[in-house]
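Down below is the structure, laid out as structure tokens.
Keep in mind that this is a model prediction, so the values were computed, not measured.
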Amino acid sequence: MDTSDFRRTLIELFPRLSVETAKIVAPTSKQYNCVAYAAGDVGQWWGTEVAGDYWPDHASRTRRLESLIEVFTSLGFQRCQDSSLESGYEKVVLYEEQGEWTHAARQTSTGRWRSKLGEGPLIEHLSPESLSGGAYGEPTVYMRRPAPLTAGAMTD
């Protein structure tokens, strides 16, 4: 699929995502997914449904939104009010549809957001709302944690 076809597919899946505001920042990969990327792990697939997928032991292995909140809470994230860029913090947003988690995205240091699209590419988009109303439902839970001060900190 060429880039223009993929961009059209993105718009079909996510009606609020405009071609002008979304860009592909990493190629297609089956190595990791959205939850893994938002958690800072691009070495393994995080999931609840397939045996062998990584899922933290301390979190319920369900598709309920509460399970994904447990995952990010264990990583030091706490709920916050919104998607605004806050100095000294990293943020993630959790998407849901009918009480089940569907997606997670991570904020960059510029205030834009990055989403790994399943086995597809990693994209950068303007806001969590760019993906709302589409295949991932709605962004409903915002979480933040203090940004690490070490050289090993998560990068964009």
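K116 is linked by a salt bridge (charged side-chain N to carboxylate O under 4.0 Å, His left out) to nothing, counting only residues two or more places apart in sequence or in another chain. Residues satisfying the side chain to side chain contact (heavy atoms under 4.5 Å, CB included) test with L13, not counting sequence neighbours, are T9, A135.
Side-chain contact between I123 and L117: present, with at least one pair of heavy atoms (C-beta onward) separated by less than 4.5 Å. Contact of the T140 side chain with the Y95 side chain is not registered, since no non-hydrogen atoms from C-beta on lie closer than 4.5 Å. Side-chain contact check for E90 versus Q107: every heavy-atom pair is 4.5 Å or farther apart.
Salt bridge status for K91 with D82: present, with a side-chain N to carboxylate O gap under 4.0 Å.
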May I have the list of side-chain donor-acceptor pairs in residues 65-72 shorter than 3.5 Å, sequence neighbours left out?
unit_1, atom_1, unit_2, atom_2, d
S67, OG, S60, O, 3.1
S67, OG, T62, OG1, 2.4
E70, OE1, S60, N, 2.6
E70, OE1, S60, OG, 3.2
E70, OE2, S60, OG, 3.4

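In this structure, R114 fails the cation-pi test against Y37, since its NZ or CZ atom is not both closer than 6.0 Å to the six-membered ring centre and inside 45 degrees of the ring normal.
A distance-only check finds no donor-acceptor pair linking the side chain of R112 to the backbone of S127 [under 3.5 Å]. Looking at Q31, its side chain never comes within 3.5 Å of a backbone N or O of W45 through a donor-acceptor pair. A donor-acceptor pair under 3.5 Å is absent between the side-chain atoms of T28 and the main chain of G120, judged by distance alone. Checking side-chain atoms of E86 against main-chain N and O of Y89 turns up no donor-acceptor pair under 3.5 Å. Distance alone, capped at 3.5 Å, is enough to place a donor-acceptor pair between the R63 side chain and the W101 backbone.
No hydrogens or angles considered: nothing links the side chains of R16 and S130 as a donor-acceptor pair under 3.5 Å. Between the side chains of N33 and W46, not a single donor N or O lies within less than 3.5 Å of an accepting N or O.
For R64, the CZ atom sits in a packed shell: over 12 heavy atoms of surrounding residues, nucleotides or ligands are nearer than 6.0 Å.
In this pair, Y136 and F14 present their aromatic rings tilted. The plane angle is within the 30 to 60° band.
Nearest heavy atoms, R61 versus D53: NH2-O, 3.1 Å.
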